[in-house]
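Structure first, then comments.
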Amino acid sequence: MLKAKIAVLVSGGGTNLQALIDAERSGIIHSGEITLVISNNQNAYALTRAEKAGIKALYISKKELNTQEAFETALMQSLEENEIDLIVLAGFMSILSERFTARFDHRIINIHPSLIPSFCGQGFYGLRVHEAALKKGVKVTGATVHFVNEIPDGGEIIAQKAVEVQDGDTPETLQKRVMEQAEWIILPRSVEKVAHQIANLP
Ligand code: GRF
């Protein structure tokens, strides 16, 4: 395979998606190409980012499909139709069942805004992660990229980067620093690493 085909699953602003698009343009990602973006939120700005970059963008509605099972079936169908090799969860706010994760074993990666195993698992998403870190009073936090399995934030770790907590930080200022100093750096690098492995499979 020349390049792995990458799908990015999103729900929100899509700054991590943007970091991936920029990394492909600059050559940091060269073993894969982002060919599909899927959002479970119609209003996600990430969809606009995809369109601006000329990447096929789809909205799949969990509400209209009623059940998690039907939603995941629709997701799988789109991923298979588009011959996707690697799935990147970049701010995707939906927990995937074992039926889904087992089907794409070591083919799904996620970015989580803490140093796993701290502040992770069920209920730790978005600003809540940074609120918990500040409440605990940790002096260092960061981000983790990991493979996705049936345990929320429980799959094999691919990369981590530490970020200092500063006096006076709010969840918002900490979130921003973790994104700028960790997420937007280690996610593209990890995507290249895994895409390279997939593209060079015998
Ligand atoms: C990031 O903090 C990511 O780690 C978390 O959700 C946020 C998504 O932000 N899982 P964005 O949509 O990439 O801007």
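The structure presented is a predicted model; accordingly, all values stated were derived computationally and were not measured. Order of appearance sets the numbers: ligands from 1, and atoms from 1 within every ligand.
- Taking every heavy atom of Gly91 and a limit of under 4.0 angstrom, the matching atoms of ligand 1 come to 6 (O), 8 (C), 10 (N).
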Stepwise salt bridge (Lys or Arg N to Asp or Glu O under 4.0 Å) test for Glu183 and Arg177: CA-CA 9 Å; Glu183 295 183 41; Arg177 190 174 319 110; over 6 Å; no
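- Counting heavy atoms from C-beta outward, Asn110 and Val145 have side chains that stay 4.5 Å or more apart.
- Listed by chain and residue number, Phe104 satisfy the ring-ring contact (aromatic ring centres under 6.0 Å, His included) test with Phe100 (two or more places apart in sequence, or in another chain).
- Nearest-heavy-atom check against atom 4 (O) of ligand 1 across Arg49, Glu183, Lys176 picks out Glu183.
- Between Asn40 and Ile60, the closest side-chain pair of non-hydrogen atoms is not below 4.5 Å.
- Residue Ile34 is not grouped with residue Ile108 when hydrophobic side chains (ILVMFWY) are merged at heavy-atom distances under 4.5 angstrom, including chains of intermediate members.
- By the 3.5 Å distance cut-off applied to N or O atoms, Thr15 is counted among the residues near ligand 1.
- Short contacts between ligand 1 and Met179, defined as distances under 4.0 Å to a heavy atom of the residue, involve ligand atoms 1 (C), 2 (O), 9 (O), 14 (O).
- Interface atoms of ligand 1 facing Ile111, defined by a heavy-atom separation under 4.0 Å, are 4 (O), 10 (N).
- At least one heavy atom of Gly14 sits closer than 4.0 Å to an atom of ligand 1.
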Got a list of side-chain donor-acceptor pairs under 3.5 Å for residues 120-132, not counting sequence neighbours?
unit_1 : atom_1 : unit_2 : atom_2 : d
Tyr125 : OH     : Arg128 : NH2    : 3.3

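- Below 3.5 Å of separation, one finds no N or O of Gln175 facing any N or O of ligand 1.
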